[in-house]
Amino acid sequence: MTARVIDGKAVAREVRDEVASGVQRLLAAGGTAPGLATVLVGDDPASEVYVRNKRRLSVEAGMVDLHRHLPGDVDQATLEALLDELAADPAVSGILLQLPVPKHLDADALVARIPAEKDVDGLTTLNAGLLAQGRPGLRPCTPAGVLRLLDEYDVALSGVEAVVVGRSPLVGKPMAQLLLGRHATLTTCHSRTKDVAEVCRRADVLVVAAGIPGLIGADAVKPGATVIDVGIHRGENGLVGDVRYDEVAEVAGLLTPVPGGVGPMTIAMLLANTLTAAIAQQGLLEELGG
Ligand code: NAD
């Protein structure tokens, strides 16, 4: 078998186009353009690239770029004061604190300053709780992007065996909860799981977010399964994922590439969250939908 390749770039473009149309509808309904405040601390080159792309694509979708950049030695109180200012500013629809922040800062305390309705990364305790309870809220962008890919490719989720490798608050845990919410029979693997390959072989839908290059090979994949690779690693020959693409492509039915799979979806879902947040804050949810 040779897997069909999931085209994350194309789906991400579709989501961004939907967001751009949504922004136009918001303006036509008398609303104001969504404002996205990305907050970057320090000069980490990878974070700078991520933030630059988020800003560029938000502007392309018709949003207002309210970026803030602080020096890497900024203290906790100054950063908290900035987040409080953004929280109170009606022009700011969404706040994205780019993680990781430098080690001397308390990231959890910083995220806690972001009001849930502006938490476009879906990382606050309130939004995590709403997801755990299956109630509406802003969802973490990467798992939401994975779900959108699965839907675009008509992957059945109800009643199927789904395995998520990884249980981080950013990816694995919310991914598992989203799949549970869609009635999958869910198993989570993590660093203490005894035989990851054996558990993964049960999966009709396998989502891998372990952060270990090439962790998952063909021996861990059921023939015909859908395999989503969230991992991103900069290798000598470019970007690679957590899945050994060439060998898994021989076994899987559907597979995401790296790059061009999950990666582009993360920013697209950030824009979708920012639009949803703006519509809710402007009291136009009933008129324009979520
Ligand atoms: P993390 O390090 O916070 O979490 C990794 C998880 O994997 C942990 O829960 C750990 O228990 C589990 N794990 C570690 N070793 C394992 C093993 N041998 N077997 C099974 N499970 C194991 O990482 P994260 O933030 O969740 O990110 C995971 C990967 O996804 C990274 O490569 C990251 O770069 C990538 N990522 C990509 C995007 C994107 O937009 N595509 C977004 C976020 C993260």
Side-chain angles (χ1 to χ4, degrees), residues 5-9 11-13 15-16 38 44-54 57-58 96-101 103 107-108 111 120-123 128 131 139-150 162-179 186-203 206-217 219-221 227-235 238-245 248 255-273:
V5 179
I6 292 179
D7 187 347
K9 271 194 203 163
V11 180
R13 199 174 309 121
V15 172
R16 293 200 308 271
T38 45
D44 175 62
S47 293
E48 275 184 358
V49 172
Y50 288 136
V51 168
R52 199 183 312 136
N53 287 333
K54 287 166 186 175
L57 292 172
S58 70
L96 181 134
L97 174 65
Q98 184 67 36
L99 299 172
V101 289
K103 286 202 168 45
D108 288 344
V111 169
V120 284
D121 237 355
L123 284 183
L131 171 57
R139 307 305 196 208
C141 304
T142 301
V146 171
L147 201 62
R148 174 72 188 244
L149 286 178
L150 294 171
V163 173
V164 176
V165 184
R167 58 172 169 183
S168 72
L170 191 66
V171 189
K173 215 170 262 176
M175 186 74 249
Q177 287 166 338
L178 285 171
L179 290 167
L186 201 279
T187 309
T188 297
C189 291
H190 46 76
S191 51
R192 312 271 177 99
T193 299
K194 289 213 172 79
D195 188 341
V196 172
E198 195 223 15
V199 177
C200 290
R201 269 198 303 277
R202 296 210 296 259
L206 175 61
V207 181
V208 188
I212 299 183
L215 175 71
I216 297 297
D219 64 321
V221 176
V227 179
I228 306 287
D229 188 355
V230 180
I232 305 183
H233 312 276
R234 233 159 271 278
L239 294 182
V240 295
D242 287 358
V243 172
R244 282 175 250 147
Y245 184 87
V248 169
L255 176 62
T256 56
V258 177
V262 175
M265 291 303 293
T266 298
I267 298 187
M269 300 315 286
L270 168 71
L271 302 183
N273 274 351

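The figures that follow rest on heavy atoms only: side chains count, while hydrogens, waters and symmetry mates do not. Each ligand, and each atom within it, is numbered from 1 in the order the structure gives.
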**Asked** Which residue supplies the protein heavy atom nearest to atom 21 (N) of ligand 1, what is that atom called, and how far is it?
**Response** H190 C, 3.1 Å
**Asked** Just by modelled atom types, is the R139 backbone N or O under 3.5 Å from a matching donor or acceptor in the N273 side chain?
**Response** yes
**Message:** I'd like to know whether ligand 1 has G172 as a neighbour, heavy-atom separation below 4.0 Å.
**Reply:** no
**Asked** Among protein heavy atoms, which sits nearest to atom 37 (C) of ligand 1, and what does the distance come to when rounded to 0.1 Å?
**Response** V230 O, 3.1 Å
**Message:** For V171, is there any backbone N or O sitting under 3.5 Å from a side-chain donor or acceptor partner on S168?
**Reply:** yes
**Message:** Please identify which of these residues, L96, V111, L97, meets the side-chain contact (heavy atoms from CB on, under 4.5 Å) condition with L123.
**Reply:** V111
**atom 7 (O) of ligand 1 touched by protein (heavy atom, under 4.0 Å)** = yes
**Any residue meeting side-chain hydrogen bond (donor to acceptor under 3.5 Å, both in side chains) with H233, in chain and number order, not counting sequence neighbours** = D242
**Request:** Using atom types as modelled and distance alone, determine if a side-chain donor or acceptor of T142 lies under 3.5 Å from a backbone N or O of T266.
**Result:** no
**Protein heavy atom at shortest distance from atom 44 (C) of ligand 1** = V171 CG2, 3.9 Å
**Request:** Just need the protein heavy atom nearest to atom 11 (O) of ligand 1, so name the residue and atom and give the distance.
**Result:** S191 N, 3.1 Å
**Asked** So which protein heavy atom does atom 12 (C) of ligand 1 come closest to, and at what separation?
**Response** G166 CA, 3.8 Å
**Which residue and heavy atom of the protein sit nearest atom 42 (C) of ligand 1, plus the separation** = T142 OG1, 3.2 Å
**Fill in**
re atom 15 (N) of ligand 1, the protein heavy-atom contact at minimum distance is I212 CD1, 3.2 Å
**Message:** Just to confirm my output: which protein heavy-atom neighbour is closest to atom 4 (O) of ligand 1, and how far is it?
**Reply:** S168 CB, 3.6 Å
**Message:** Using the rule side-chain contact (heavy atoms from CB on, under 4.5 Å), only one of V258, V5, I216 pairs with Y245; which is it?
**Reply:** V5
**Message:** Whether the side chain of R167 engages the backbone of K173 through a donor-acceptor N/O pair (distance < 3.5 Å, no angle test) should be reported.
**Reply:** no
**Message:** At under 4.0 Å between heavy atoms, is it the side chain or the backbone of I232 that contacts ligand 1, or both, or neither?
**Reply:** both
**Request:** Give a yes/no verdict on whether any heavy atom in M265 is under 4.0 Å from an atom of ligand 1.
**Result:** no
